[in-house]
Number of protein chains: 2
Amino acid sequence: MTEIEHYQKLKLELRRGVLILAVLAELREEHYGYSLRKNLLAKGLEIDEGTLYPLVRRLEKQGLLTSEWREESNRKKRFYKVSEIGQLTLEKLTQDWHQVEETLNRILN
Amino acid sequence: MTEIEHYQKLKLELRRGVLILAVLAELREEHYGYSLRKNLLAKGLEIDEGTLYPLVRRLEKQGLLTSEWREESNRKKRFYKVSEIGQLTLEKLTQDWHQVEETLNRILN
DNA sequence: ACACATACTATTTGCCATACAGTATGCAAA
DNA sequence: TTTGCATACTGTATGGCAAATAGTATGTGT
């Protein structure tokens, strides 16, 4: 493994925990998979389908969001939205995030 | 698994990628394992030994830091410090971090 | 004796990325 | 008009890696 590959891997690790939080936050408003992905991309977060779908699946299994098949524009799509528990979890995680942010920035100085 | 356990796990995920960056940053100055851990703790980042030691071992294997056994205060300790490559990687990752920070905060609003 | 200092490892668990694998719709060119 | 291509849209399998957990072990000062 080259240095560059190592670096890329570390960079991925950095994104990792953030994904869940981003998805939860974005799903305060209802989205289907594709639009969720596009929205996150527009805000600067690229996430592959093969990463996103298992992720929402996991979050749903944990009760943090709900999903429903519906037809829209002649197409069946699966719509996701945070549950109440998901909303609470999001709020707590947001606080945790700000703490992590502070701590790391303190260390980086 | 209960909701609380899920939450705790997510919180851990959030810390995850940050650890490497924190360790690299802290090792701009030389430390041995124990003092490294104490230092990070003092700055608000708790990290278990069982996490820290494999981590530094990994970073060393990747060439991001060097280590050396030395005696100090009648005790042999293993001292760690970032290498040149580690320093460069740290700088790049720091930029990446700030970008992640921006992106996530944008999504959270 | 006890607490603290110091270092290290094995196992378990879970997740992300990668790659693979589709269906359906609209539109343009042939 | 049908072939083909783009893009919308949704998933699954697996492999490798990493953090947490729960240990082992020795030394030192009080």
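Residues A:K81 and A:E68 are not paired through a salt bridge, judged by the lack of any N-O separation under 4.0 Å between the basic side chain and the carboxylate. Between A:K77 and A:E72, at least one side-chain N (NZ, or NE/NH1/NH2) sits under 4.0 Å from a carboxylate O, which counts as a salt bridge. We find that A:R37 and A:E49 are joined by a salt bridge, their nearest charged nitrogen and carboxylate oxygen being less than 4.0 Å apart. Between A:E13 and A:K9 there is no salt bridge, since none of the side-chain N atoms of the basic residue sits less than 4.0 Å from a carboxylate O of the acidic one.
Note: CG (B:L21) to P (D:dA19) measures 13 Å, nearest angstrom. Straight-line distance from the CZ atom of B:R37 to the P atom of C:dC8: 14 Å, rounded to whole Å. Atom CD in A:E5 sits roughly 12 Å away from atom P in C:dT18 (whole-Å rounding). Rounded to whole Å, the distance from CG on B:L52 to P on C:dA5 is 16 Å. Taking atom CG on A:L14 and atom P on C:dA17, their separation rounds to 12 Å, with Å as the unit. Taking atom CD1 of residue A:I47 and atom P of nucleotide C:dC15, one finds them 14 Å apart after rounding to whole Å. Rounded to an integer number of Å, the gap from B:R15 CZ to C:dG14 P is 18 Å. Distance, A:K11 NZ to C:dA17 C1': 15 Å, rounded to whole Å.
Under 3.5 Å, the side chains of B:E91 and B:Q87 contain a donor-acceptor pair of N or O atoms.
Comparing A:L12 and A:S73 by the nucleotide of DNA chain C whose heavy atom lies nearest to each, the residue mapping closer to the 5' end is A:L12.
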Going 5' to 3' along nucleotides 8-18 of chain D, which nucleotides have protein heavy atoms under 4.0 Å from the base (write B), which only from the sugar-phosphate (write S), and which from neither (write -)?
BBBBB----SS
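Relative ring orientation between B:Y32 and B:F79 is described as perpendicular, the plane-to-plane angle rising above 60° on a 0-90° scale split at 30° and 60°.
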